[in-house]
Amino acid sequence: MKSIVKSLLCVGLFAWNVQMQAKVNIIPKPSQVEELSGRFLLKNGMSIGISDESLAPAATYLQELLSKSTGFSIKTGGKAGKIQLNLVSPDEADESYILETGKKGVVISAHSYRGIINGIATLRQLLPPEIECDTKVQDVEWTVPAVRIQDRPNFHWRGLMLDPVRHFYSVEETKRLLDDMALYKLNKFHWHLTDDQAYRIEIKAYPALTSMGAWHPFNGLDRGCLERAGKENNAAFLIPRKYIREVDGQELYGGFYTQDEIREVVAYAAVRGIDVIPELDMPGHNSVACQCYTFLSCTNNGISPLCLGRETTLEFAQKVYKEVFQLFPYEYVSIGGDEVDRGRWAQCADCQQRIKQEGLKDVSELQAWFTKEMEKFFNANGRRILGWDEILEGGLSKTATVHWWRGDHTDVTQRATQMGNEVVLCPFTFCYFDYSQDNGTLRHIYDGDIVPTDLSAEQLKLIKGMQANIWGEWIPTVERMHWQVFPRALALAEKAWTPRADQQWEDFLPRLESHLPRLEARGIKYRPLQTNRP
Ligand code: ACM
Ligand code: ZN
């Protein structure tokens, strides 16, 4: 049914309905909106002007966005245009923007490239939802209501984490999610590229990680998804055939990103103002690496975690990350560090020797020693280290940033910020978008205190922001991903952008409802607000 609705929307039959509800309904809610009289009409042949050459990628991005659905030819390359992008008093760290629209045109002014991109997201939302269609839509009046919007984010870190390990998503599917993120001003894409089941990133120094480690016969998780597909009569749980290949008569499922493909995704994200934060999880969640290179595990038999007693493990970790640093130009890189089976180190002579030699108390301190060694290496390469909240155990350097994920460990943020560490919030109690939903989930997220309420003003300064995590175990297809992620990603976007005092469910809900046709136009198969399916 949804695909029929989508196709009707994209052939313009919903235009009347949309015109009726034309109103300023921006998500996340902007700081200040002044509704003026009049409107701007997009026309064939119009141009996008830029005040500074550094905005050229933003102009091209906007041109592509607008011309797909309108079918208009839109010019770029000049200093002045009907849509004008202006960089004023440049300041990279300032993401604010001012958007002014009226009969004569549109002006977006900002202090940074990202500010301009945020203004473009708002402009997209002022246009009819059909602007999001991939193909030309007839009979739509492409108007923008006259407004003056002044806007800035509350948090700098507004993210989504995607796990393409348990199930693979192609470069094109990943780019599509980046476009969805940009529409809602989500600016950090945390890419969880390795885990027990597979390595998804090409590492030239260790080619077996992907030649062997990116492919496997169906495992328990895959069979579980197939069972659910049957039991729930839901094709969104079927494993896509496009990710299965036959080798020596055996079907292998998987895929990986070449370094060129990684660069392509990073560049695509950059145009949309999104940083890509890679995570190659260490020292736990490494079964596949330990199977490909058996010297990595304490028992030489492919069982995770990495053996921290051996120099060859540190050499491996550093060589891998050296390649990662070349691919991802951003300050933050995640080491992971979650759910390590540290008990294995207690049985390993090499690990015990390391503990003795470094004067460590126990296996928790052994993990902390590894994280600190890696942090020195990250810092020497101009990077800052991030890790899941287990990196607090056994001691943490002040300059590491913590992802608070264990929602039942309610003291993590308090403890980390007391020590002076920065925190990104993603407690599973609100931010695990792979968890199943009921009709109360959206409101639970929107009304929830994702930012703990027991922090001092000084501690609050260390909260970088928040993100949602999309773990892939039960998400073998983009269709299932859409169901899990939308529309709750819009609630998360507002939690991260708009100050807490301005978050009101009664105000958010109708705005959200007005966005559903926009999601449909993007081909997003979101979970309806009321349904008996989880
Ligand atoms: C996690 O969910 N294991 C970070
Ligand atoms: Zn060991």
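Counting starts at 1 for both ligands and their atoms, following the listed order.
At the Zn ion (ligand 2), the angle from SG in Cys351 to SG in Cys348 is 110° when rounded to 10°.
At most 12 non-hydrogen atoms from other residues, nucleotides or ligands lie less than 6.0 angstrom from CG of Asn233. Heavy-atom contacts from other residues, nucleotides or ligands closer than 6.0 Å to CD of Glu92 number 12 or fewer.
Of all the atoms in ligand 1, the ones that sit under 4.0 Å from a non-hydrogen atom of Tyr432 are 1 (C), 2 (O), 4 (C). For ligand 1 and Trp471, the ligand atoms under 4.0 Å from any heavy atom of the residue are 1 (C), 2 (O), 4 (C). Annotation for ligand 1: atoms under 4.0 Å from non-hydrogen atoms of Glu339 are 3 (N).
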Evaluate the side chain to side chain donor-acceptor pair (under 3.5 Å) criterion for residues Thr399 and Glu375: first the C-alpha distance (whole Å), next the side-chain angles of each, then the deciding distance (0.1 Å), finally the verdict. CA-CA 9 Å; Thr399 47; Glu375 187 178 8; 2.6 Å; yes
Can you list the steps and then say if Phe377 with Tyr321 is a ring-ring contact (aromatic ring centres under 6.0 Å, His included)? CA-CA 9 Å; Phe377 179 72; Tyr321 269 107; 7.8 Å; no
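Under 4.0 Å is where a charged nitrogen must lie from a carboxylate oxygen, and between Asp507 and Arg511 at least one such pair does.
The shortest N/O to N/O separation between Asp338 and ligand 1 falls below 3.5 Å.
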